[in-house]
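Comments concern the structure below.
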Amino acid sequence: MSGLGRSARAAARQVGTAPAAQRDRALLAMAVALRERAPAILAANRQDLADARAAGLAASLIDRLALDEARLEAIARAVADIAALPDPVGRVLASWTQPNGLLFERVATPLGVIAVIFESRPNVTADAGALCLKSGNVAILRAGSDSFRSAGEIAAAMQDGLAEAGLPRAAIQLVPSRDRAAVGEILKGLGGAVDVVVPRGGKGLVARVQAEARVPVFAHLDGNNHVYVHGAADLAMARAILLNAKLRRTGVCGAAETLLVDAACAATHLKPLVAALLDEGCAVRGDAATLAVDPRVTPASEDDWRAEYLDRIIAAKVVAGLDAAIAHIETYGSHHTDAIVTDDGTAAARFLAEVDSAIVLHNASTQFADGGEFGFGAEIGIATGRMHARGPVGVEQLCSFKYRVHGRGQVRP
């Protein structure tokens, strides 16, 4: 692990000063290599899936782990799309001139070495590696044991792309061990080699990272996301948004986990919305008002309001207006992604202003909580903390900055 850190730090200077065109050539070469290595990647994934099923891994995690030709092509295409993004390195973020004639510029710079610790999703190997390279950074990737083989094959393709463009293979490295002790070494910083840690996984992983890390962390907490159907919501729109938010893919962090229905429209909206979920095979755990509209609903416990199910299950509750909805989200939510459905612009504006989540939406599905949908090309994760990187972490969020000062011989009096 120490050697991995040293090689990453050595590569960081070369990558951070490489021309944008060279980094983009590497990304395009990576996309080609991913397609060429498809048989090996899919074979490795089949082995990972077999082990995961034998170990009794949850269906939602199996879905996150699984690759097929279409998903692998999407991964390769995402890497190529990242190459087409504007170069974030060297951007002048602000400039001004002081009365003494000094010109100040705030300029975007790479963070350096970014360690990404993730579970289940082998596509994170490509997404994180590509985003780090595009932003002039080096990536150390620690895959979960369940995706170890798949991630290894993807990382090899990424390194082939680096070599093709004349960049060091050490710019994207997969930790070559399933040993959990490797995570501890990363969190210590690998002797000063690691600048930022990004955990992408379940509560247990994130809690460990936040408790043990000696370097800055871009925190990604669970996605206990809400769809609030306001009293002025169109029923057809609310139904379409709710079903997509909950059921498009239940295993993603942007999936809705709680439905809140305003008492002002509960008489007309609650029953059809609940029935639509149940008819699509989604279990509903509800409060007393929700239990009353359909015998298939089961009682919700206090734990249900805090649950990230990542499954075909949703909690549902009637709330006494906008204030109550915002209070519920503040009490039980995870500051990830929350949506309001309403035709009332004033209510929408209050919701967007007062709900303290990384992503808030008006009349749109929570499943848009994705860097690709934001136009970022991809994401390294969705940060729910309050550092400069909040929401989908793309290439711009993987940059820091420095100040350039231009003078004409000035000296300070």
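Here, residue 1 is the first one in the sequence, and each next residue gets the next number.
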Could you check whether any side-chain N or O of Arg312 sits under 3.5 Å from a backbone N or O of Glu280, counting only pairs where one atom can act as donor and the other as acceptor?
yes
Between NZ of Lys246 and CG of Leu259, what distance do you get to the nearest 0.5 Å?
11.0 Å
Stepwise side chain to side chain contact (heavy atoms under 4.5 Å, CB included) check, Met30 with Leu27
CA-CA 5 Å; Met30 289 173 185; Leu27 289 166; 4.0 Å; yes
Using the six-membered ring wherever Trp is involved, compare the ring planes of Tyr332 and His328 and label them parallel, tilted or perpendicular (cut-offs 30° and 60°).
tilted
Is there side-chain contact between Asp160 and Glu36, with at least one heavy-atom pair below 4.5 Å?
no
Count the heavy atoms of every other residue, nucleotide or ligand shown that sit under 6.0 Å from CZ of Arg9, and state whether that count exceeds 12.
yes
If we count only N and O atoms by modelled type, under 3.5 Å, do the side chains of Gln173 and Ser7 hold a donor and an acceptor together?
yes
Can you tell me how far apart CD1 (Ile75) and CD1 (Ile41) are? Round to the nearest 0.5 Å.
7.5 Å
Out of Arg149, Arg178, Arg46, which one pairs with Asp51 under the salt bridge (charged side-chain N to carboxylate O under 4.0 Å, His left out) rule?
Arg149
Between Asn45 and Ser150, do the side chains contain an N or O donor and an N or O acceptor separated by less than 3.5 Å?
yes
Closest approach of Val175 to Ala182 (non-hydrogen atoms, all atoms of both residues):
CG1-CB, 3.9 Å
Glu105/His406 under side chain to side chain contact (heavy atoms under 4.5 Å, CB included): CA gap, chis, key distance, verdict
CA-CA 8 Å; Glu105 295 177 312; His406 305 272; 2.8 Å; yes
Asn225/Thr366 under side-chain hydrogen bond (donor to acceptor under 3.5 Å, both in side chains): CA gap, chis, key distance, verdict:
CA-CA 7 Å; Asn225 309 317; Thr366 59; 5.1 Å; no
Using only atom types and a distance under 3.5 Å, with no angle test, would you say the side chain of Glu308 pairs donor to acceptor with the backbone of Gly223?
yes
Return the minimal non-hydrogen interatomic distance between Pro122 and Ala151, and the atom names on each side.
CB-N, 4.4 Å
Could you tell me which non-hydrogen atom of Asp127 sits nearest to which non-hydrogen atom of Ala78, and how far apart they are?
OD1-CB, 4.4 Å
What's the separation between atom OG1 in Thr17 and atom CD in Gln22, rounded to the nearest 0.5 Å?
9.0 Å
Do Leu67 and Leu49 come close enough that some side-chain heavy atom pair is under 4.5 Å?
no
Taking NZ, NE, NH1 and NH2 as the nitrogens, is one of them in Asp356 or Arg390 under 4.0 Å from a carboxylate oxygen of the other?
yes
For Thr342, does its backbone N or O pair with a side-chain atom of Asn363 as donor and acceptor, under 3.5 Å?
yes
Taking every heavy atom of Leu174 against every heavy atom of Phe148, the minimum-distance pair comes out as CD2-O, 4.3 Å
Val197 and Arg214: CA distance, side-chain angles, deciding distance, side chain to side chain contact (heavy atoms under 4.5 Å, CB included) verdict:
CA-CA 9 Å; Val197 173; Arg214 299 181 187 173; over 6 Å; no
Give the intermediate values and the outcome of side chain to side chain contact (heavy atoms under 4.5 Å, CB included) for residues Val215 and Val196.
CA-CA 6 Å; Val215 294; Val196 177; over 6 Å; no
Contact between Leu235 and Leu273 at the side-chain level, heavy atoms closer than 4.5 Å - yes or no?
yes
Donor-acceptor under 3.5 Å (Arg23 side chain, Lys134 main chain):
yes
Could you pull out all residues at least two apart from Gln98 that satisfy side-chain contact (heavy atoms from CB on, under 4.5 Å)?
Trp96, Asn100, Phe104
Quick check: do Tyr309 and Asp304 have side-chain heavy atoms less than 4.5 Å from each other?
yes
Within the structure provided, determine whether Leu28 and Val32 are in side-chain contact (heavy-atom separation under 4.5 Å).
no
Would you say the side-chain atoms of His269 pair up with the backbone N or O of Ala233, donor to acceptor, closer than 3.5 Å?
yes
Do the side chain of Gln159 and the main chain of Ile172 share a donor and acceptor less than 3.5 angstrom apart?
yes
Taking all non-hydrogen atoms of both residues, which atom of Leu190 and which atom of Ile140 are closest, and how far apart?
CD1-CD1, 3.8 Å
I'd like to know if the side chain of Arg121 and the backbone of Arg64 have a donor-acceptor N/O pair within less than 3.5 Å.
no
Has His362 got a side-chain atom pairing as donor or acceptor with Ala349's backbone, closer than 3.5 angstrom?
no
Taking all atoms of both residues into account, what is the closest heavy-atom pair of Ile380 and Val198, and its distance?
O-CG1, 4.0 Å
Checking the side chain of Glu212 only, and the main-chain atoms of Gly184 only, is there a donor and an acceptor separated by less than 3.5 Å?
no
How many angstroms lie between atom CG of Leu398 and atom CG of Leu111, to the nearest 0.5 angstrom?
6.0 Å
Are any of the side-chain nitrogens in Arg285 or Asp303 under 4.0 Å away from the carboxylate oxygens of its partner?
no
So do the side chains of His336 and Asn224 get within less than 4.5 Å of each other, counting heavy atoms only?
no
Note, His226 side chain near Val355 side chain (heavy atom, < 4.5 Å)
no
Sequence neighbours excluded, every pair satisfying side chain to side chain donor-acceptor pair (under 3.5 Å) that has a member inside residues 135-145
Ser135-Asn137
Would you please classify the geometry between the Tyr228 ring and the Phe351 ring as parallel, tilted or perpendicular, with 30° and 60° separating the classes?
parallel
Return the OG1 to CG distance between Thr250 and Asp63, rounded to the nearest 0.5 Å.
6.5 Å
Okay, side chain of Glu257, backbone of Ile314: is any donor-acceptor separation there less than 3.5 Å?
no
When rounded to the nearest 0.5 Å, the distance separating NE2 of His335 from CD1 of Ile382 is 15.0 Å
